[in-house]
Student: 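Once you've had a glance at the structure underneath, I'll fire off some questions.
Note that the structure is predicted; figures quoted are calculated from it, not measured.
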Amino acid sequence: MDAEARTATRSRENTRARLLDAAAEVFAEVGLDAASVEAVCDRAGFSRGAFYSNFDSKGELFLALVERSSSEKLDLVADRVRTLDRTAAPDPSLLVPQIVDVSLGGMEPRLVSELRTQALRDERMAEAYLRLQDGIVERVRVIVDDIRKVYELRFRLPITEVAQLMVDLSDATCERAAVEGLGEPETTRLLHERIGQLATALLDA
């Protein structure tokens, strides 16, 4: 790739990142349904043309935002796994808070609920949502399997099912916390506690 092509690629990546950053702010403020392409473009400082050269629709933009956020969060969790003390005896109630902070993209639960609602209405959104969820479960599966290998753990269920249960419980916990009006510290504490309990229940002593 020549210098001109690299510059064009970086410019496109920068535009896409700024649109995603702007969308995160707008969606958090007004919700998915009330947010408009124009509002996102204005916040990012781009035209509609720049938007549609990167995304086909507002729904695709939102999915890309959730995917980026979930990938970043799971990367952090994977980094924590690599720094685990391999000499320490594993205690799930203590281990989980060190490494797990996973929900659907770490997004505002209300917006994730809106995404699910859109998926129920639109077949294309449903397919994209399911692909995203499957991708998150696979990333969590790899992380859980890495932990299993570090501490030579045995689970009562296949690792893929363990990962699916953890993702499902994480999503449900974050949604319930949002309905109850809990803040981020309380939600994080509850998330760690519940996933730690699940991990303990699933471990084969």
Student: If the threshold is 4.0 Å, N to carboxylate O, is there a salt bridge linking R82 and D146?
Tutor: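 Here R82 does not pair with D146 in a salt bridge, since their nearest N and O are not under 4.0 Å apart.
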Student: Got a second to check how far L20's CG is from T15's OG1, nearest 0.5 Å?
Tutor: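 Here the rounded value is 11.0 Å.
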Student: Looking at CZ of R141 and CD1 of I159, how far apart are the two atoms once the value is rounded to the nearest 0.5 Å?
Tutor: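 That separation rounds to 8.0 Å.
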Student: Quick check for you: to the nearest 0.5 Å, what is the distance between L203 atom CG and F155 atom CZ?
Tutor: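 Output value for this atom pair is 4.5 Å.
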Student: Could you tell me whether D134 and R131 make a salt bridge, using a distance below 4.0 angstrom between a side-chain N and a carboxylate O?
Tutor: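 Looking at D134 and R131, the cut-off is not met.
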Student: Is the side chain of S53 donor-acceptor paired with the backbone N or O of A50 at a distance under 3.5 Å, no angle test?
Tutor: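 Yes, S53 side chain to A50 backbone: donor-acceptor pair under 3.5 Å.
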Student: Linking I/L/V/M/F/W/Y whenever their side-chain heavy atoms sit closer than 4.5 Å, directly or via other members, would V142 and L165 fall into one cluster?
Tutor: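 As far as the 4.5 Å side-chain criterion goes, L165 and V142 are not connected within one cluster.
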Student: Give a yes or no on whether E123 atom CD has more than 12 heavy-atom contacts from other residues, nucleotides or ligands under 6.0 Å away.
Tutor: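 Count not over threshold, so no.
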Student: When you look at V37 and F55, which way does the side-chain contact (heavy atoms from CB on, under 4.5 Å) test go after all the steps?
Tutor: CA-CA 10 Å; V37 170; F55 304 100; over 6 Å; no
Student: When rounded to the nearest 0.5 angstrom, what is the spacing between CD1 in I136 and CD in E138?
Tutor: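 Going from CD1 on I136 over to CD on E138, the span is 12.0 Å.
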Student: Can a donor-acceptor pair be found, under 3.5 Å and without considering hydrogens, that links the side chain of S71 to the backbone of E67?
Tutor: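 Not confirmed, S71 side chain does not pair with E67 backbone.
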Student: For M125 and L63, work out which heavy atoms get closest and say how close.
Tutor: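 Taking every non-hydrogen atom into account, SD-CD1, 3.9 Å.
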Student: Flag the pair K58 and D33 as a salt bridge only when some basic side-chain nitrogen lies within less than 4.0 angstrom of an acidic carboxylate oxygen.
Tutor: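 No salt bridge links K58 with D33.
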Student: Can you tell me how far apart CG (L153) and CZ (R148) are? Round to the nearest 0.5 Å.
Tutor: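 The CG atom of L153 sits 8.5 Å away from the CZ atom of R148.
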Student: Heavy-atom distance under 4.5 Å between the side chains of R68 and D21, does that happen here?
Tutor: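 Yes, at least one pair of side-chain atoms sits under 4.5 Å.
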Student: Looking at S47 and C41, what are the two nearest heavy atoms and their distance?
Tutor: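 In terms of heavy atoms, the two residues are closest at O-SG, 3.6 Å.
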Student: Are I195 and L182 connected, step by step, through hydrophobic side chains (Ile, Leu, Val, Met, Phe, Trp, Tyr) whose heavy atoms are closer than 4.5 Å?
Tutor: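 I195 does not cluster with L182.
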Student: Given the rule that I, L, V, M, F, W and Y join up when any side-chain heavy atoms are under 4.5 Å apart, are L191 and V179 in one cluster?
Tutor: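 They do not share one cluster, since no chain of ILVMFWY contacts under 4.5 Å joins L191 to V179.
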Student: So, for A163 and V140, which heavy atoms are closest and what is the spacing to 0.1 Å?
Tutor: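 A163 and V140 have their closest heavy atoms at CB-CG1, 3.8 Å.
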Student: Do you know the tightest heavy-atom contact between T160 and V137?
Tutor: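 Taking every non-hydrogen atom into account, O-CG1, 4.2 Å.
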Student: Please report the closest heavy-atom contact between V26 and A35, naming both atoms and the distance.
Tutor: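 What the structure gives for the nearest pair is CG1-CB, 3.7 Å.
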Student: Without swapping roles, check the side chain of R16 against the backbone of N54 for a donor-acceptor pair under 3.5 Å.
Tutor: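 Looks like yes, one N/O pair under 3.5 Å.
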Student: Look up atom CZ in F27 and atom CG in L61, then write down how far apart they are to the nearest 0.5 Å.
Tutor: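 Separation between the atoms: 4.5 Å.
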Student: When you group the ILVMFWY residues by side-chain heavy-atom contacts below 4.5 Å and let the links chain together, are L198 and L190 in the same group?
Tutor: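 Not linked; separate clusters.
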